[in-house]
Asker: 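What follows is a structure written as C-alpha cells; I'll ask about it next.
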Amino acid sequence: MLLHTFSHIPGIGNTTEQRLWDSGITTWSKLQKKPDIVPRLSSREIVENLALSQKFLGHDPHFFTKRLKRADVWRLFPHFRASTAYLDIETTGLGDSADITTIALYDGREVKTYINGRNLESFVDDVMEFKVLVTYNGISFDIPFIERFFKTKLDHAQIDLRYVLARLGCKGGLKGCEKQMGINRGTLDGIDGAFAVLLWREYERYDNESALETLLAYNTEDTVNLERLLVEAYNRNVAKTPFAEELYLPFPSCPQLIFQPDAEIVSLIKQHYC
DNA sequence: AATTGTGGCGAATGTCTGAT
DNA sequence: ATCAGACATTCGCCACAATT
C-alpha cells in the first residue's frame with residue numbers, strides 16, 4: 001500500500017491524496033512523472049520526497065511511521081512484514097513499580113515466551129532482531145513499560161492496533177475488537193489482564209506450574225491474535241481504496257500453540273476472588 | 001489504581017484562484 | 001498587481017480510553 005501512499009509527504013493530507021487517486025495518479029511513479037499536479041507544493045519537493053520514500057522502502061520503517069497518522073500506519077505492513085514481530089506483556093499491575101511477569105513475542109511463525117526468574121533477560125536481545133513491533137495500546141503501555149523495566153530504549157517502529165482499529169470503528173479494548181472483527185478465543189474466554197496478575201501470584205506463592213502455563217497460554221493467544229487483527233484491519237482499510245483486489249492479504253494460519261490452559265485453576269481462582 | 005497519548009474540535013495559518 | 005474567499009493543513013487544548 002505504500003506505493004499508492006502520498007499522505008506521508010508533508011503538505012499532503014488525506015484529502016489531497018484522495019484527489020490524486022481520483023485523477024488517475026495512483027502510484028509513486030505516476031506522480032514522479034507529473035509532480036506539478038499537487039497544489040501548494042513545488043515539483044522539486046515532490047520529487048525529493050518520492051526519492052526518499054523509494055530509498056527507505058523496505059529499509060527504514062521509521063520514515064513512514066513518523067510521517068503517517070497513527071491510524072494509517074497499517075499501510076506499511078506488507079513491506080516490512082519479514083522484520084515484524086507481535087508483542088504482548090503481562091505484569092503484576094499497572095503502576096510504575098509493577099514488574100513484568102511474562103512476555104510473548106511472535107514473528108509470524110513461532111511464539112517465544114519469556115518468564116520472570118527464568119529467561120526474561122534474553123528478550124532484549126531477541127527483540128532487537130526486528131524493525132517493527134505490533135501491539136495493542138503498546139505505545140502507551142507495553143513499550144514504555146519494557147523500556148523502564150529493562151532500562152533500555154526500544155527504537156522499533158510501532159504499529160499500535162488500538163488506533164488503527166479505532167479508526168475502523170472498533171473500540172472497547174482488545175477483547176472487544178476481536179469480537180467485532182470476528183476472531184474468537186476458545187477456553188480462555190473470560191480471562192483478562194487483571195486475572196493474569198492473579199495467575200502469576202498463584203504460580204509464585206504455591207509454585208503452581210499449571211497456573212503459569214495458563215498465564216502463558218493467555219499471553220500467547222493475545223499475541224498471536226494481533227497478527228490476525230492486523231491482517232483483518234489491513235484488508236478492511238484496503239477495501240476502501242481503489243486497490244482492494246491487488247492488495248488483499250489472505251488470513252494467516254494459526255501457529256501451533258504449546259501451552260494448555262488449566263480450567264481447574266481458572267475456576268479455583270475465580271471462586272476465591274469473586 | 002497510574003500513566004499515557006490521541007481523537008476531536010475550534011482557531012489559526014497558509015496558499016491557490018478568480019475577480020477587479 | 002492586489003485582495004477576498006475557499007479550501008486544506010496544522011496547532012493547542014482537554015476529556016477519554018486503554019493497558020495489567
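Because only heavy atoms are used, hydrogens play no part in the values below, and waters and symmetry mates are left out as well, while side chains stay in.
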Asker: Answer with base, sugar-phosphate or nothing: what part of the nucleic acid does Thr16(A) contact at a heavy-atom distance below 4.0 Å?
Answerer: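 It contacts sugar-phosphate atoms only.
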Asker: Over 60° means perpendicular and under 30° means parallel, so classify the ring planes of His8(A) and Phe64(A), tilted if in between.
Answerer: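 Phe64(A) and His8(A): tilted rings.
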Asker: Which comes earlier along DNA chain B counting from the 5' end, the contact point of Pro144(A) or that of Ala166(A), where each point is its nearest nucleotide?
Answerer: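 Upstream on the strand: Pro144(A).
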Asker: If you check the Arg19(A) side chain, which of dG7(B), dC7(C), dA1(B) turns out closest?
Answerer: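 In terms of side-chain proximity for Arg19(A), the closest of dG7(B), dC7(C), dA1(B) is dC7(C).
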Asker: For a quick check of understanding: with a heavy-atom distance under 4.0 Å over all strands, which category does Phe145(A) fall into, base, sugar-phosphate or nothing?
Answerer: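 Here Phe145(A) touches no strand at all.
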Asker: Between dT20(C), dT6(B), dG7(B), spot the one nearest the side chain of Thr91(A), thanks.
Answerer: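 The closest nucleotide is dT20(C).
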Asker: Measure CG/Leu215(A) against C1'/dT20(C) and give the value in whole Å, please.
Answerer: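 Leu215(A) atom CG is separated from dT20(C) atom C1' by 11 Å.
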Asker: Just to be sure I understand the rule, does Gly172(A) reach a base, reach only the sugar-phosphate, or reach nothing, if contact means heavy atoms closer than 4.0 Å?
Answerer: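 Sugar-phosphate, backbone atoms only, no base.
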Asker: Looking only at the side chains, is there a donor atom on one of His4(A) and Glu246(A) sitting less than 3.5 Å from an acceptor on the other?
Answerer: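 Judged by distance alone, the side chains do pair up.
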Asker: Measure from the side chain of Thr15(A), starting at C-beta and using heavy atoms only, and say which of dA8(C), dT19(C), dA17(C) lies closest.
Answerer: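 Nearest to the side-chain atoms of Thr15(A), counting from C-beta on, is dA8(C).
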Asker: Just compare dG5(B), dT20(C), dT3(B) and give me whichever is closest to any side-chain atom of Asp96(A).
Answerer: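 So the nucleotide nearest the side chain must be dT3(B).
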Asker: Could you check which of dT20(C), dG5(B), dA8(C) has an atom nearest any side-chain atom of Val197(A)?
Answerer: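 Selected nucleotide (nearest to the side chain): dT20(C).
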Asker: Identify whether any heavy atom of Gly93(A) sits under 4.0 Å from a base atom; if not, whether one sits that close to sugar-phosphate; answer base, sugar-phosphate or nothing.
Answerer: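 Here Gly93(A) touches the bases of the nucleic acid.
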Asker: Looking only at heavy atoms, what is the nearest atom pair of Phe80(A) and His59(A), with distance?
Answerer: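 Nearest pair, atom of Phe80(A) first, then His59(A): CE2-N, 3.6 Å.
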Asker: Nearest to the side chain of Asn137(A) - dA8(C), dT19(C), dT20(C)?
Answerer: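 Nearest to the side chain of Asn137(A) among the choices is dT19(C).
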Asker: Is the shortest side-chain heavy-atom distance between Thr84(A) and Phe130(A) below 4.5 Å?
Answerer: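 Thr84(A) does not reach Phe130(A) side chain to side chain.
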Asker: Given that Leu94(A) and Ser140(A) both sit by DNA chain B, which one's nearest nucleotide is further toward the 5' end?
Answerer: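 Closer to the 5' end of DNA chain B: Leu94(A).
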Asker: Please determine, for the side chain of Arg162(A), which listed nucleotide (dT20(C), dA18(C), dG7(B)) has the closest atom?
Answerer: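 Looking only at side-chain atoms, Arg162(A) lies closest to dA18(C).
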Asker: Measure from NZ on Lys69(A) to P on dG8(B) and round the result to the nearest Å.
Answerer: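 My rounded result for the distance is 11 Å.
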Asker: As a test of reading the structure: which of dT6(B), dA17(C), dT19(C) is closest to the side chain of Arg70(A), going by heavy atoms?
Answerer: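 The listed nucleotide nearest to Arg70(A)'s side chain is dT6(B).
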Asker: Of all the nucleotides listed (dT20(C), dG7(B), dT19(C)), which has the minimum atom distance to the side chain of Tyr218(A)?
Answerer: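 Selected nucleotide: dT20(C).
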Asker: Which one, dC7(C), dT20(C), dT6(B), comes nearest to the side chain of Tyr163(A)?
Answerer: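 The listed nucleotide nearest to Tyr163(A)'s side chain is dT6(B).
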Asker: With a 4.0 Å cut-off on heavy atoms, is Asn219(A) in touch with a base, just the backbone sugar-phosphate, or nothing at all?
Answerer: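 Result for Asn219(A) = nothing.
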Asker: Checking all strands, does Arg148(A) fall into the base, sugar-phosphate, or nothing category for heavy-atom contacts under 4.0 angstrom?
Answerer: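 The residue Arg148(A) makes no contact with any strand.
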Asker: Does the plane of the ring in Tyr234(A) sit parallel, tilted or perpendicular to the ring in Trp74(A)? Use 30° and 60° as the thresholds.
Answerer: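 If you compare the ring of Tyr234(A) with that of Trp74(A), the planes turn out perpendicular.
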Asker: Expressed as a whole number of angstroms, how long is the span from Glu221(A):CD to dT20(C):P?
Answerer: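 One finds 13 Å between P of dT20(C) and CD of Glu221(A), rounded.
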Asker: Just checking, any donor-acceptor pair under 3.5 angstrom between side chains of Gln18(A) and Asp22(A)?
Answerer: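 Yes, because at least one side-chain N or O of Gln18(A) sits under 3.5 Å from a partner of the opposite role on Asp22(A).
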